Amino acid sequence: MSQSQPFLARVANGSLVIQILVGIIAGVALAVISPSSALSMSSLGGLFVAALKAVAPILVFILVASSIANQKKGTHTNMKPIIFLYLLGTLLAAFTAVAMSFLFPTTLTLVTSTTSIAPPEGIAEVINSLFFKMVDNPINALMTGNFIGILAWAIALGFSLHQASDATKQVFQDMSDGVTLIVRFIIRLAPIGIFGLVAHTFAQTGFNALLGYAHLLGVLLGSMAIIALIVNPLIVFVKIRTNPYPLVFRCLRESGITAFFTRSSAANIPVNMRLCEDLNLHEDTYSVSIPLGATINMGGAAITITILTLAAVHTLGIEVDLATAVLLSVVAAVSACGASGVAGGSLLLIPLAASLFGIPNEIAMQVVAVGFIIGVIQDSAETALNSSTDVVFTAAACLAAERKKAKVRLQKS
């Protein structure tokens, strides 16, 4: 027993990224050697994702409420620049997707199966839904994972408790610390969970179904790579005036990998919270910006909506002028902010964008079905981009604020 303790301690304290990579390799190997055994591993991945989704709502609610309630007067949280970066990044992602769609036009062989889920009928419906989510019953919001409602109630409660006694504030701080410990334990199980997810995915699909959509996937993944490796670093450089790539690569490595396999921005909130803590960012800032980013920072979703919509346009031979393409970018960016934080959430907004070109709902829903076919790659990459960008922009705003403070102190001295 004495010999096993040091080994277990080394495993618990070892590099989580390396352990996840080992889990990925082991999952692929098991799928190749014994597909039947790999299929049975799906419960490991399912349990991990379910645990993340279960803890995320209560983590966001307690952490945001506690952070605001315990915030000292005169403390700046840098939320305005972060929200601006979120919206700017989403809009630039849509513009990039339009450019890629015109440079590499895609046509589809539309499938016959459609989904019975009804998409929103217009921007007004999306915005109306957002407002109603904000005033959702707090218990129902926690039960259903309505993060917009959770954020609204947490912020309202936090401000209400701002004038409460120190003892009451300490109770919320202790609850926040307790939930954070639970989150850390769940995140340590990521290598096992991702092993199960990878093994099941490779054994079930083998990615054979994706070969027919290679060109479409190439345009989607290429657009996301441009945002992740060129546009986002450029935005960060403008903010912090130093080499942005160490920050960008760390966020892609530590946030993007887990988001890729969980395929849920909401489920990745605990992972991002932990990464922000490791980056020594201001807790009052990231405790609000990370869950907010999971609901409105949707660059990957904007890319998916735009490219799949324009693929339908090219398939039907519809002429698109520059003004309509720009309008599509704006609609995609606004719609993406209303996309759900769960797997495949952006796909049901495609009919909304397609309606700009007079594409009937029956054809638009066939495009949605294509999206679900390629979702094993498309949705994974989209979530990885969305979730890692939450930390990238939060860190950029915090570092820019620190740089500004240091400059002021230097001038005074």
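When a residue number appears, it is its place in the shown sequence, counting from 1. Everything numeric here is computed off the predicted structure, so don't read it as measured data.
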Is it true that a side-chain atom of Y286 and a backbone atom of C398 form a donor plus acceptor pair closer than 3.5 Å?
no
Could you label the plane-to-plane angle of the H314 and F102 rings as parallel, tilted or perpendicular, counting under 30° as parallel and over 60° as perpendicular?
perpendicular
How long is the gap from CG on N268 to OG on S255, to the nearest 0.5 Å?
4.5 Å
So do T394 and Y86 actually touch side chain to side chain, heavy atoms under 4.5 Å?
yes
Less than 4.5 Å apart, side chain to side chain, heavy atoms only: is that true for L247 and L279?
yes
Can you check whether L87's main-chain N or O pairs, donor with acceptor, with N297's side chain at less than 3.5 Å?
no
Taking the side chain as C-beta and beyond, is there a heavy-atom pair between M273 and P291 under 4.5 Å?
yes
Has the side chain of W153 got a donor or acceptor atom that lies under 3.5 Å from a matching backbone atom of I139?
no
Interatomic distance, CD1@I150 vs CD1@I58, rounded to 0.5 Å, equals 8.5 Å
Does the side chain to side chain contact (heavy atoms under 4.5 Å, CB included) test come out yes or no for L88 and F393, once each step is laid out?
CA-CA 11 Å; L88 175 64; F393 286 164; over 6 Å; no
Distance col, row L92:CG vs I226:CD1, nearest 0.5 angstrom, shows 12.5 Å
For V391 and C276 the tightest heavy-atom approach is CG1-SG, 4.0 Å
OG1 (T258) and CG (N272) are apart, to the nearest 0.5 Å, by 7.0 Å
How would you list all residue pairs meeting salt bridge (charged side-chain N to carboxylate O under 4.0 Å, His left out) that involve residues 237-251, not counting sequence neighbours?
R250-E254
Of the non-hydrogen atoms in V367 and A312, which two are nearest, and what is the gap between them?
CG2-CB, 3.7 Å
The reported gap from CD1 in I296 to CG in L292 (rounded to nearest 0.5 angstrom) is 4.0 Å
Please check if any side-chain donor atom of Q170 sits under 3.5 Å from a side-chain acceptor atom of D174, or the reverse.
yes
Kindly give the heavy-atom pair with the smallest separation between T90 and A302, and that separation in Å.
O-CB, 3.8 Å
Less than 4.5 Å apart, any side-chain heavy atom of Q19 and any of V22?
no
Mind listing the closest non-hydrogen atom pair of F195 and L30 along with its distance?
CZ-CD2, 3.7 Å
For S101 and A97, indicate whether the former's side chain and the latter's backbone hold a donor-acceptor pair under 3.5 Å.
yes
Checking S380 side chain against F260 main chain: does a donor-acceptor pair fall under 3.5 Å?
yes
Check whether any side-chain heavy atom of M224 lies under 4.5 Å from a side-chain heavy atom of T304, and answer yes or no.
yes
Could you check whether any side-chain heavy atom of L385 comes within less than 4.5 Å of a side-chain heavy atom of N232, counting everything from C-beta outward?
yes
Determine whether T96 and I303 satisfy the following criterion, side chain to side chain contact (heavy atoms under 4.5 Å, CB included), listing intermediate values before the conclusion.
CA-CA 8 Å; T96 301; I303 289 172; 5.7 Å; no
For residues 225-247, which residue pairs pass the ring pair (Phe, Tyr, Trp, His ring centres under 6.0 Å) check, not counting sequence neighbours?
Y245-F249
Using atom types as modelled and distance alone, determine if a side-chain donor or acceptor of S387 lies under 3.5 Å from a backbone N or O of A384.
no
Can you tell me if CG on D166 sees more than 12 non-hydrogen neighbours from other groups inside 6.0 Å?
no
About how many Å separate CD of Q378 and CD1 of I307, when rounded to the nearest 0.5 Å?
9.5 Å
Closest non-hydrogen atom pair, P244 against V236
CB-CG1, 3.7 Å
Note: A381 and L221 closest approach over all heavy atoms is CB-CD2, 3.5 Å
